[in-house]
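Here the structure is laid out as structure tokens; the discussion comes afterwards.
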Amino acid sequence: MTITDKTADVPAPRSGEEKSGRLLDVKDLHVEFHTRDGVVKAVNGVNYSVDAGETLAVLGESGSGKSVTAQAVMGILDMPPGKIPQGEILFRGQDMLKMSNEERRKIRGRKIAMIFQDALSSLNPVLSVGYQLGEMFRVHDGLSRKAAKAKSIELMERVKIPAAKERVNDYPHQFSGGMRQRIMIAMALALEPDLIIADEPTTALDVTVQAQVMDLLAELQREYNMGLILITHDLGVVADVADKIAVMYAGRIVETAPVHELYKRPAHPYTRGLLDSIPRLDQKGHELYAIKGLPPNLLKIPSGCAFNPRCPKATDICRTEVPPLVPVTEQDGAELPGRGSACHFWKETIHG
Amino acid sequence: MGRYVARRLLQMIPVFIGTTLLIFLMVNVLPGDPVRALWGDKPPDPAQVAQIKHDRGLDLPLWEQYLHYMKGLFQGDFGNTIAGNRPILDEITQAFPVSMRLAVMAWSFELVVGITLGVFAGIRRGRIVDNTVTLFTLLVISVPIFVVGLLFQLYMGNEWQWITPTVQDSEDMGQLVVPALVLGMVGLAYVARLTRTSIAENRQADYIRTAVAKGLPKQRIITRHLLRNSLIPVVTYLGTDIGTLMGGAVITEGIFNVTGVGNLLFTSLARREGAVIVGIVTVLVLVYLLASLLVDLLYAVLDPRIRYA
């Protein structure tokens, strides 16, 4: 059985196409999960965008809604219980939420691909990696089994898996963690998509392998001029590869900034807290800073700014009014492109 | 792999000897005397009884009888029946193909219908299909098989006359369909439930999410990615069930008068024909052992993480 898609009718050219807006533009996205205990508001009005060749890092604690946003973009949310009551996800100017299931399926894998966190559980344990890689070509391009296998070997070589030819028929459990993650990357890359979403691609790996995998990902991204959304909670990984950062908290973006500016001058107390909790060599012997408290329960998000119960700077206004994401400027009012903060006291935080 | 199979085959020898010995002993402690039974209600002649017992070696000590029996067995001689003095092997070879046909039909029925129902229920967990399947299988499991059998016989055979109430010709596959249906009913329910649980669980697995993210069509995700991972517990059940179906058809064969192994087992038990019982059980033990070996080998085919050395 071979299932072939005719994807040729979807306009594809990467270079020199008419600019119909950005590669990906997420506008006011809301995602909620209807559970027995109530409605879990996982994403509450997220806006972000990615251009070709650009890397957006989405930063946040577990439960901040960063993965759910990505899954909504990918169209792999379980619906129900998941629901998208509001928002738009524009891919090359087209709202994917209005597309039919079949249209979205054709975009998945071909135009937008995803790399998952735990490659061992994310690869099918009973199918050989060659089969799983080849499936991309067989399903989307209608290649024969044999041609797909040749392509798989090529792909495995691309992601620098040694002895690809001999290993193409091996199963996921026969590879090391780093190699498995490379296979995940190869799978996402197979059809040279326009956008790759990497959901904590290095979390399950040890540090040396992390660096290798990130380098590989960055290299391939440059080569294919792909947009990349990097979801992570590792500030160290972000600094090297990202162009811009969006920090998420309780389903909202609380700060956006070009990568180095964020490290230099955070404009939100939460970001500041995150940066302060990175262990530093010059602070050896001191107690490591930690943001007090726990991430909020998404069933009942605190009123006002969701971060207020944990925020050292919280005042009454923080408990009543939700701060919008406002542009951040220099003290003299000069614009800081790409910067925004959702804090009532962003001025004090960045300049104070 | 070859070594593994060889080891498993060698392991069968003690199991085989153990089970035959056990059955042999158990049959011998059953009350009643098959030789005396030859006279029916009339008082038997003690001299003749002793003569027959001596001819058949039934007066020897039990362990010697067992040794004789095993010696014969290895030469393909299952002994003769006490009543009629016919070779037991003939009786078994006559009954087995019938039961085999019945079992294979019931088994295919379990396999095809059970897995199909299970897949649909598992994918639509919590919906109407799922609830219907769950309820139906619960009903089938809780109602004893003789009730189902007698109901089928009553309605299909007597009321609506779709079939003859009992099987006239046990060689005729067509007549065996309804008995096979009855026989496979409980297994079908278990297969459906096992498949359902397994599918529902694996549907949440990360690799299914990956398969969706790859943009694969739904049908392919189910058949290639979901089903294969979900079938392992089902295969275990189906494998061992083939043995149960062959030997455990006593009730079904009784209701529909199928002259298979179950029937033979029942009449032999009634007549205290110990040698026949031991003979049948011997063959069934072999079927069981081979089936479980086959299941274990199938594991490795279904799941490459399992390797035998």
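In the text below, chain A, chain B and the rest are named by the order of the sequence lines, each starting its count at 1.
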- Query: Is A:Q181 reaching over with its side chain to a backbone N or O of A:P201, donor-acceptor style, under 3.5 angstrom?
  - Reply: yes

- Work out which heavy atom in A:Y171 is nearest to a heavy atom in A:V129; give both atom names and the distance. C-CG1, 4.3 Å

- Per-residue tally against chain B (heavy atom, under 4.5 Å) across A:M187, A:Q117, A:E135, A:M74 peaks at A:E135

- Item | Top of A:M136, A:M114, A:R104, A:Q71 for chain B proximity - count of heavy-atom pairs under 4.5 angstrom | A:M136

- Message: Please classify the contact between B:I208 and chain A as side chain, backbone, both or neither, with a heavy-atom cut-off of under 4.5 Å.
- Response: neither

- Message: Check this for me: B:Y190, atom OH, are more than 12 non-hydrogen atoms of other residues, nucleotides or ligands nearer than 6.0 Å?
- Response: no

- Would A:Y131 and B:R224 count as having a side-chain donor-acceptor pair, cut-off 3.5 Å? yes

- Query: Which region of B:A205, side chain (C-beta onward) or backbone (N, CA, C, O), has a non-hydrogen atom less than 4.5 Å from a non-hydrogen atom of chain A, or is it both or neither?
  - Reply: neither

- Query: Which bit of A:D78 comes within less than 4.5 Å of chain B, counting heavy atoms only: side chain, backbone, both or neither?
  - Reply: side chain

- Message: Checking B:T134 against B:N131: is there a side-chain donor and acceptor pair closer than 3.5 Å?
- Response: no

